[in-house]
Amino acid sequence: MSESEPRDPLRWTREELLFELRAVGTRRYHHLHPFHVKMNAGQLTPEQLRGWVANRYYYQRNIPLKDAAILSNCPLREVRRLWLHRITDHDGHDGEDGGIEAWLQLGQAVGLGRDELLDERHVVPGVRFAVDAYVTFAKTQPWPIAVASSLTELFAPDLMKERIAAFEQHYKWIKPEGLAYFRGRVPRGARPGGLPLPDAG
């Protein structure tokens with residue numbers, strides 16, 4: 001094999017795999033979607049932002065279900081132990097309310113009633129379909145494939161920093177305590193050892 005030919009992905013080191021995953025995120029993650037670009041540029045109306053928060057809540061509340069499905073399919077104890085924090089991060093534990101509660105607080109900070117989020121009255125059919133399909137994917141696919149669909153912690157810290165700055169600059173009408181979810185994602189994403197990736201190729 002010549003030096004110009006790409007290496008076999010099955011022979012990548014852990015560092016090479018992380019590099020390639022981050023490269024995919026740089027090119028294809030949802031921060032590049034026109035809606036997110038407009039949001040970070042301060043171009044959303046309060047109504048649009050409330051719609052995003054309400055629909056995103058449906059995804060947030062399904063994250064622990066998706067991660068529990070991954071765990072239920074994974075026979076490796078060491079991987080399950082690494083992945084378990086993703087459920088408790090959202091559901092809460094040891095006196096911490098967790099990410100779902102923080103998202104409910106974001107909803108209240110943008111002017112939505114807590115009951116409006118909990119009863120999902122604003123969730124549009126396309127969002128419900130996509131989120132339900134994602135949970136089904138995690139239930140039915142082999143655990144490494146489901147894990148590969150869930151590696152947002154590789155990209156989230158820097159994106160959350162950008163989002164916090166954008167919200168503080170452009171959406172001053174949002175109560176500051178409502179940004180707790182975003183603030184909490186920064187240290188969680190930087191947590192070492194949270195990704196069940198191989199140490200060697």
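Hydrogens, waters and symmetry mates play no part in the numbers below; they use all other heavy atoms, side chains included. Numbers here simply count residues along the sequence, with the first being 1.
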Got a sec, which residues hit side-chain contact (heavy atoms from CB on, under 4.5 Å) with H122, two or more places apart in sequence or on another chain?
A54, L112, E116
Would E168 and R183 pass as an ion pair if we require N to O under 4.0 Å?
yes
Answer yes if V79 and I87 sit in the same cluster of Ile, Leu, Val, Met, Phe, Trp and Tyr residues linked by side chain heavy atoms under 4.5 Å apart, and no otherwise.
yes
Least distance between heavy atoms, H31 atom then V37 atom:
O-CG2, 3.8 Å
Would you please test E16 and R11 for side chain to side chain contact (heavy atoms under 4.5 Å, CB included) and show each step?
CA-CA 9 Å; E16 288 172 320; R11 298 184 181 275; over 6 Å; no
Full working for side chain to side chain contact (heavy atoms under 4.5 Å, CB included) between L118 and L104
CA-CA 8 Å; L118 291 173; L104 289 167; 4.0 Å; yes
Are V147 and W12 linked, directly or through other ILVMFWY residues, by side chains that come within less than 4.5 angstrom of each other?
yes
Any link between L84 and W143 through a network of hydrophobic side chains (Ile, Leu, Val, Met, Phe, Trp, Tyr) touching at under 4.5 Å?
yes
Pairwise distance CD(Q48) to CD(Q43) - rounded to 0.5 angstrom:
10.0 Å
L71 side, atom CG; R81 side, atom CZ - distance, nearest 0.5 Å
13.0 Å
Counting only heavy atoms from other residues, nucleotides and ligands, does the tally under 6.0 Å from CZ of F137 exceed 12?
yes
In this structure, CD1 of I63 is separated from CG of D89 (nearest 0.5 Å) by 10.0 Å
Would you call K175 and Q105 a side-chain contact if the rule is heavy atoms closer than 4.5 Å?
no
Output all residues satisfying side chain to side chain donor-acceptor pair (under 3.5 Å) with D132, sequence neighbours left out; order by chain, then residue number.
Y58
State whether the side chain of R114 and the backbone N or O of Q108 hold a donor-acceptor pair below 3.5 Å, judged by distance alone.
no
Near R77 CZ, under 6.0 Å, is it more than 12 heavy atoms from other residues, nucleotides or ligands?
no
Side chains of V127 and R56: closer than 4.5 Å at any heavy-atom pair?
no
Please identify each residue that fulfils salt bridge (Lys or Arg N to Asp or Glu O under 4.0 Å) with E177, with sequence neighbours left out.
none
Could you list the residues that satisfy salt bridge (Lys or Arg N to Asp or Glu O under 4.0 Å) with E162, not counting sequence neighbours?
none
Quick one: name the residues clustered hydrophobically with F129, using the 4.5 Å side-chain heavy-atom rule over I, L, V, M, F, W, Y, and just say none if it's on its own.
none
With clusters defined by side-chain heavy atoms of hydrophobic residues (ILVMFWY) lying less than 4.5 Å apart, directly or transitively, does L65 cluster with V123?
no
Qualifying residues under salt bridge (Lys or Arg N to Asp or Glu O under 4.0 Å), relative to R80, sequence neighbours excluded
none
Begin from the C-alpha positions of W103 and Y57 and carry the test ring-ring contact (aromatic ring centres under 6.0 Å, His included) through to its verdict.
CA-CA 7 Å; W103 198 269; Y57 169 74; 8.2 Å; no
Distance-minimising heavy-atom pair for A69 and K139
CB-CG, 3.5 Å
Which residues pass the side-chain contact (heavy atoms from CB on, under 4.5 Å) test with F35, sequence neighbours left out?
H33, M39, L44, W52
Give me the atom names and distance for the closest heavy-atom approach of Y134 to S149.
OH-O, 2.9 Å
Spacing of Q60 atom CD and N55 atom CG [to the nearest 0.5 Å]:
12.0 Å
Salt bridge (Lys or Arg N to Asp or Glu O under 4.0 Å) involving R128 - partner list, sequence neighbours excluded:
E120
May I ask whether V131 and V53 are part of the same hydrophobic cluster, defined by side-chain heavy atoms of I, L, V, M, F, W, Y residues being less than 4.5 angstrom apart, directly or through others?
no
Pairs flagged by side-chain hydrogen bond (donor to acceptor under 3.5 Å, both in side chains) wherever residues 64-73 is involved - sequence neighbours left out
K66-S150, D67-W83
Residues at least two apart in sequence or cross-chain that pass side-chain contact (heavy atoms from CB on, under 4.5 Å) with A146, listed by chain then number, are I70, A138
Just verifying a value: how many Å separate N40 CG and Q169 CD, rounded to the nearest 0.5 Å?
10.0 Å
Check step by step if side chain to side chain contact (heavy atoms under 4.5 Å, CB included) holds for L49 and T45.
CA-CA 6 Å; L49 203 52; T45 66; over 6 Å; no
Run the side-chain contact (heavy atoms from CB on, under 4.5 Å) test against T88 and tell me which residues pass, sequence neighbours left out.
H85, H93
By ring-ring contact (aromatic ring centres under 6.0 Å, His included), F167 pairs with (sequence neighbours left out) Y171, F182
Could you give the distance from CG (L117) to CD1 (I100), rounded to the nearest 0.5 Å?
12.0 Å
